[in-house]
Amino acid sequence: MNDPAVRILAVVERIPRGKVTTYGAVAARAGLPRRARLVGRVLSDLPAGSTVPWHRVVAAGGRIAFPQGAMARQEQIERLGREGVVASTGRVNLRLHGWQSPPEDLDRWLWEIGDEN
DNA sequence: CAAATGACGGGGT
DNA sequence: AACCCCGCCATTT
């Protein structure tokens with residue numbers, strides 16, 4: 001599907017439990033560089049019962065995007081804590097939980113590496 | 001059409 | 001850490 005929203009959600013759904021990534025990274029991974037804000041907008045439109053792991057997406061540097069006092073902020077911190085990701089300080093350690101998305105096409109990836117050697 | 005508004009990003013103070 | 005500013009982009013005023 002060429003729909004940007006669909007591609008964005010496809011990326012978010014692949015973030016494994018206990019891992020997190022940033023809005024900008026999701027956008028880039030979805031083939032939409034410089035569209036971090038679009039990622040936020042798409043996630044904000046998720047229906048109530050959605051199973052999409054939106055809580056695994058944080059702002060640059062591991063910051064929780066929601067402001068102090070926002071219900072969603074506590075919700076996100078709670079969900080992350082439930083999967084072993086400490087976010088109680090309003091920020092997660094990307095060095096520990098940052099998700100390194102694997103190349104979508106492993107064969108082509110291997111080819112490119114081989115091309116450099 | 002100009003200005004304001006965001007689940008953003010990066011830099012500077 | 002807490003702000004402020006500006007760049008960026010899609011939507012809404």
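In what follows, every chain begins at residue 1, and chains take the letters A, B, ... in the order their sequences are listed.
- Between A/Ala27 and A/Ala36, the closest heavy-atom pair is CB-N, 3.9 Å.
- Partners of A/Arg14 according to the side-chain contact (heavy atoms from CB on, under 4.5 Å) rule, which considers only residues two or more places apart in sequence or in another chain, are A/Arg29, A/Trp99, A/Pro102.
- When every heavy atom of A/Ser50 is checked against every heavy atom of A/Leu46, the shortest pair comes out as OG-CD2, 3.8 Å.
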Could you encode protein contacts along nucleotides 6-13 of chain B as a string, one character per nucleotide from 5' to 3', using B for base contact, S for sugar-phosphate-only contact and - for no contact, with a heavy-atom cut-off of under 4.0 Å? BBBSS---
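- Comparing A/Arg91 and A/Pro33 by the nucleotide of DNA chain C that holds the closest heavy atom to each, the one mapping nearer the 5' end is A/Arg91.
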Show your working on side chain to side chain contact (heavy atoms under 4.5 Å, CB included) between A/Leu94 and A/Val92 and close with a plain yes or no. CA-CA 6 Å; A/Leu94 291 178; A/Val92 306; 4.0 Å; yes
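- The side-chain hydrogen bond (donor to acceptor under 3.5 Å, both in side chains) contacts involving residues 66-90 of chain A comprise A/His55-A/Glu83, A/Arg56-A/Glu83, A/Glu75-A/Arg79, A/Glu78-A/Arg82, where partners must be two or more places apart or lie in separate chains.
- Shortest non-hydrogen contact noted between A/Val12 and A/Pro53 is O-CG, 3.3 Å.
- If you walk DNA chain C from 5' to 3' and mark each nucleotide with an atom closer than 4.0 Å to a heavy atom of chain A, the marks span C/dG7 to C/dT11.
- Contact of the A/Leu80 side chain with the A/Val86 side chain is not registered, since no non-hydrogen atoms from C-beta on lie closer than 4.5 Å.
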Heteroatom pairs (N/O) under 3.5 angstrom, protein to nucleotides 3-5 of chain B:
none

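- Evaluation of the side-chain contact (heavy atoms from CB on, under 4.5 Å) rule for A/Leu96 yields A/Asn93 as partners, not counting sequence neighbours.
- Using a 4.5 Å heavy-atom threshold, the side chains of A/Val42 and A/Val39 count as separate.
- Considering OH of A/Tyr23 and CZ of A/Arg41, their distance stands at 14.0 Å, rounded to 0.5 Å.
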